[in-house]
Amino acid sequence: MSRPLRATIDLAALRHNYGVAKRAAPRSRVLAVVKANAYGHGLERAARALAATADGFALIEPEYAVRLRESGFEREILLLEGFFEAGELPQLAAANIATAVATEEQLRALEAYRGGALDAYLKINTGMNRLGFAPQRAKAALERLRACPGVRSITLMTHFATSDGPEGIDDAMQRFGSATAGVPFPKSLANSAAIFAHPQSHADTVRLGIALYGATPFSDRTAASLGVKPAMTLTSALIAVQDLEAGETIGYGATFRAAQPMRVGVVACGYADGYPRHAASGAPVLVDGVRSRTAGRVSMDLITVDLTPVPGAGVGTPVTLWGEGLPIDDVAGSAGTVGYELMCALAPRVRVVEAGA
Ligand SMILES: *Cc1c(COP(=O)(O)O)cnc(C)c1O
């Protein structure tokens, strides 16, 4: 007994996509980024799928990093933003969790810390201007970090602002290069976009996020062209059908008006499930495998779709909202956002099933 809506998480696709990235960055360690509940796919599930192959995991949430360690994973676990309070350091050290050091406050906390030692990633700001030390301050920060008794290894890190766009990373690479010239530490720079577009940034360790989940970081390169497969497929079914006369409208605000008589299907999925309310009427949807479009506003629990291209559709006909057969990036485009946001927003009420175990 349940709504027909479900998210199928394909563990084989996660493994496949990890392998694609590994081949794209063959000389680097590939950390699987599993922040935000593995981009909505389920942290425990993604970790289970990748535990045997991943060189390591990276995430944001310290409590989940510790839980991941307690689940038995023995390779690297990195906190991408580091710790949030000095009081977390002993527990992170005990669990062997590596930490980014991205602010003066974190550096001071490490200077004062006298517990078990941690691996540190010194984050250098190469243009994102959110976290990290300015390039001209990097060497001084590095010297202070080297002097910390609670730090046992150092990796130099940055995060690109424009690795997915036409601006590229030349400027950031130049800043990183000048900040770290002559410094003999391993480096970690690349996100998904840089893994695929900028091999000169691969260095020792890359951080694979969105492409692991089978979506693209680029606006002008599809996930399929990268060779990755969707790991999340959101499917539902028609629970009602309406025959409209010309001039009738659909949904809240009556924003869609039928130009001629038409059939519309009512899909059990809405914004309370994570489907974006701001998706424009006309967003792509698959009905019985046939590409159609939404009609009218997305409501909390329902979406209406044009059945013109699928005259045989009726109550019970399967619908794909995104995933296999319909790139999440296409749906995101219709909502003025990116695949990242849609997958992260998958709501807790959606039933999740696993495939490809
Ligand atoms: C989220 C994140 C990544 C992964 O980025 P993708 O674009 O999803 O590959 C890499 N590095 C840092 C610091 C991050 O926060």
Side-chain angles (χ1 to χ4, degrees), residues 14 17-18 20-22 24-25 28-41 43 46 50 54-62 64-65 76-84 97-103 106 119-133 155-165 167-169 172-173 176 186-199 201-223 226-228 230-232 328-329 332 337-345:
L14 289 172
N17 297 341
Y18 185 85
V20 169
K22 199 76 191 159
S28 307
R29 295 188 319 136
V30 178
L31 301 184
V33 179
V34 291
K35 61 187 175 186
N37 197 30
Y39 291 45
H41 294 66
L43 172 59
L50 296 166
D55 298 324
F57 290 111
L59 67 173
I60 298 291
E61 307 86 356
Y64 299 143
E76 179 162 43
I77 301 175
L78 168 65
L79 287 176
L80 292 161
E81 293 174 1
F83 54 97
F84 297 94
I97 309 287
T99 179
V101 180
T103 66
Q106 287 172 327
D119 300 310
Y121 280 59
L122 181 67
K123 190 160 187 181
I124 296 162
N125 174 13
T126 54
M128 184 75 95
N129 288 314
R130 301 182 312 187
L131 299 174
F133 293 86
T155 300
L156 301 167
M157 173 186 184
T158 194
H159 189 45
F160 296 124
T162 56
S163 54
D164 58 326
E167 306 89 336
I169 60 166
M173 287 296 283
F176 188 80
K187 300 179 176 68
S188 174
L189 299 85
N191 55 4
S192 293
I195 289 171
F196 288 97
H198 305 295
S201 71
H202 287 174
D204 300 276
T205 301
V206 301
R207 308 183 302 269
L208 171 70
I210 191 71
L212 176 63
Y213 304 101
T216 181
F218 305 105
S219 56
D220 60 349
R221 287 174 75 176
T222 63
L226 305 178
V228 297
M232 177 194 291
I328 195 169
D329 304 300
T337 185
V338 288
Y340 296 78
E341 186 179 7
L342 300 194
M343 51 179 74
C344 289

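Note that ligands are numbered from 1 as they come in the structure, with each ligand's atoms numbered from 1 the same way.
- Close N/O approach between G209 and ligand 1 is found [any backbone or side-chain N/O within under 3.5 Å].
- When heavy-atom distances to ligand 1 are checked against a 4.0 Å cut-off, L80 comes that close only through its side chain, counted from C-beta outward.
- In this structure, atom 7 (O) of ligand 1 lies nearest to the protein heavy atom Y340 OH, 2.6 Å.
- When all heavy atoms of A211 and L208 are compared, the pair lying nearest together is CB-CD1, 3.8 Å.
- Of all atoms in ligand 1, numbered sequentially from 1 with element shown, those under 4.0 Å from a heavy atom of Y39 are 1 (C), 4 (C), 5 (O), 6 (P), 8 (O).
- Judged as a side chain to side chain donor-acceptor pair (under 3.5 Å), not a single pair has a partner in residues 208-220 (not counting sequence neighbours).
- In terms of heavy atoms, H159 sits closest to N191 at CE1-ND2, 3.9 Å.
- Remark: minimum distance from atom 14 (C) of ligand 1 to any protein heavy atom is reached at K35 NZ, 3.0 Å.
- Looking only at atom types and distance, the side chain of S188 has no donor-acceptor partner in the side chain of T155 under 3.5 Å away.
- A donor-acceptor pair is defined here as one N or O able to donate and one able to accept, closer than 3.5 Å; no such pair exists between the side chain of D329 and the backbone of A215.
- At under 3.5 Å, a nitrogen or oxygen of I210, whether backbone or side chain, sits near a nitrogen or oxygen of ligand 1.
- For S192, heavy-atom contacts with ligand 1 shorter than 4.0 Å involve the backbone as well as the side chain.
- For atom 11 (N) of ligand 1, the closest non-hydrogen atom on the protein side is R207 NE, 2.8 Å.
- Remark: F196 pairs with no residue by the ring-ring contact (aromatic ring centres under 6.0 Å, His included) rule, at least two apart or across chains.
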